[in-house]
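Throughout, protein chains are lettered first and strands after them, A, B, ... in sequence-line order, and every chain is numbered starting at 1.
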Amino acid sequence: MNRRMRSLHRSMGAVVALFVLMLAITGVFLNHSSEWKLDKQYVTWDWLLQHYGIANVQPDVVYLLDQNVISQFGSQIFVNTNPVTHSERLVLGGIVLDDLIVLATDDALLLLNLEGEFIERMGAAANVPPMIQNIGLFHGEPVIQTLDGLWRSDFLLDQWERVSLQGVGWSLLQSMPDSMEAELAEYFHGKGVTVEQLLLDVHNGRILGQYGVWLLDILGILLLVLSLTGLWIWARRVH
Amino acid sequence: MTVLNREILHIVSKNLLSGILFLIAFSISARGVYQTEQDFLAETFSNNVPKSQVIWMKGDVRQSVDDILGHSYVGLRIRYWRNEQRSAWVLEEIGKTEPITFGVVISNNKIEKVKVLEFRESRGSEIRYPAFTQQFNEAQLTNNQLDRHIDGISGATLSVEAMTVVVKLALYLDKLTSQ
């Protein structure tokens with residue numbers, strides 16, 4: 001019996017040792033996380049951010065207008081890294097008209113100033129033709145393509161006339177500049193994962209999700225059995 | 001389980017299911033466009049809609065608008081339609097989480113009509129009924145406050161607040177643009 005207990009104790013000890021090391025090291029770091037400012041240091045490894053589900057921030061559309069990056073994430077519209085307004089409809093294009101940025105959705109024009117401040121939403125009630133497909137400029141004048149044809153207006157955008165034109169400079173989709181992407185990712189997800197959070201998740205097993213928690217539970221039981229077998233062996237030796 | 005018990009269980013489960021389906025149907029029906037902005041304006045001005053005008057939100061105007069709303073107005077200008085002493089306003093205000101689009105008609109600085117044009121929340125759409133909106137008829141603004149008390153609706157408190165605030169805003173802007 002005693003020999004069997006020793007054998008069990010040794011086997012479990014070997015299995016548990018690595019985990020105990022990991023728990024001890026992360027535990028010591030967590031004990032001093034404030035002093036060592038681990039809650040202020042961030043890890044931004046791609047694979048880790050992906051693991052935490054915060055790596056990819058993909059805009060629905062991006063337009064570059066007068067040095068400004070206009071992007072839409074869901075219903076939120078950004079000018080550079082500033083959220084400026086909401087639109088349930090997708091932004092289909094944008095132009096710069098004098099001191100205005102004009103964005104087009106299928107049922108309205110969204111007006112911003114060059115500083116990126118939201119001015120107004122102009123819909124059908126403001127005489128903007130419905131079923132817009134794109135927006136562009138023709139000799140400095142705004143033109144919209146609708147399912148019903150081409151329409152041209154002036155800088156006031158509240159009177160539109162049907163036209164037939166060639167050579168309109170239509171708004172085109174762009175890709176998000178890398179620098180902006182990083183800043184927007186920070187807007188959505190902060191600076192990344194703090195070292196403290198990472199250590200805590202390793203320590204409690206949550207880095208592996210629900211399986212990690214179960215793994216730590218099993219480890220706890222193994223440690224319990226290890227203690228009991230250790231006590232058994234010690235008691236036998238004393239006697 | 002006795003036959004009686006089984007029958008009771010059957011009736012309860014059937015009614016519970018009907019109740020749940022009714023609630024789902026009700027919450028879905030609450031959302032929607034009740035009247036388009038164009039139809040609202042056409043109705044207000046008898047198909048002779050005047051050219052729209054804008055009022056810019058700056059200086060004292062912005063301050064007053066923000067005070068009335070209780071938060072900063074998102075936008076630098078507000079569009080309206082005026083024909084002599086009648087003006088129409090299409091304004092949005094958040095109810096609980098989503099914006100509600102209101103149409104407000106003002107005649108001689110008094111509320112003529114308030115309508116919910118589009119409701120996006122799942123609850124609180126009872127404010128669209130004339131039984132509620134008629135409380136605002138003939139309402140005026142005194143020191144940026146309505147001259148009357150508006151009775152609330154249980155379960156639609158935030159929607160009622162949104163409509164009250166929009167009515168105050170429209171009255172303030174009407175007064176400003178009619179001078």
For [X], is the [atom1] atom crowded, meaning more than 12 foreign heavy atoms sit under 6.0 Å from it?
| X | atom1 | value |
| --- | --- | --- |
| Lys40(A) | NZ | no |
| Asp60(B) | CG | no |
| Trp214(A) | CH2 | no |
| Trp36(A) | CH2 | yes |
| Lys175(B) | NZ | no |
| Lys96(B) | NZ | no |
| Glu161(A) | CD | yes |
| Phe29(A) | CZ | no |

Quiz item: So which residues of residues 103-123 of chain A are in contact with chain B at a heavy-atom cut-off of under 4.5 Å?
Solution: Leu111(A), Asn113(A), Glu117(A), Phe118(A), Ile119(A), Glu120(A), Arg121(A), Met122(A)
Quiz item: What pairs of residues pass the salt bridge (charged side-chain N to carboxylate O under 4.0 Å, His left out) test when at least one of them lies in residues 132-150 of chain A, not counting sequence neighbours?
Solution: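 Only Glu141(A)-Arg152(A), Asp148(A)-Arg162(A) qualify under salt bridge (charged side-chain N to carboxylate O under 4.0 Å, His left out).
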What donor-acceptor contacts under 3.5 angstrom involve side-chain atoms of residues 168-182 of chain A, with partners at least two apart or in another chain?
unit_1: Ser171(A); atom_1: OG; unit_2: Gly94(A); atom_2: N; d: 2.9
unit_1: Ser171(A); atom_1: OG; unit_2: Gly94(A); atom_2: O; d: 3.3

Self-check item: Proximity of residues 65-90 of chain B to chain A, residues having a non-hydrogen atom under 4.5 angstrom
Solution: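 Within residues 65-90 of chain B, the residues under 4.5 Å from chain A are Val74(B), Gly75(B), Leu76(B), Arg77(B), Arg79(B), Trp81(B).
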Quiz item: Where do Ala125(A) and Glu37(B) come nearest, in terms of heavy atoms and distance?
Solution: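 Heavy atoms only, the tightest pair is CB-OE1, 3.3 Å.
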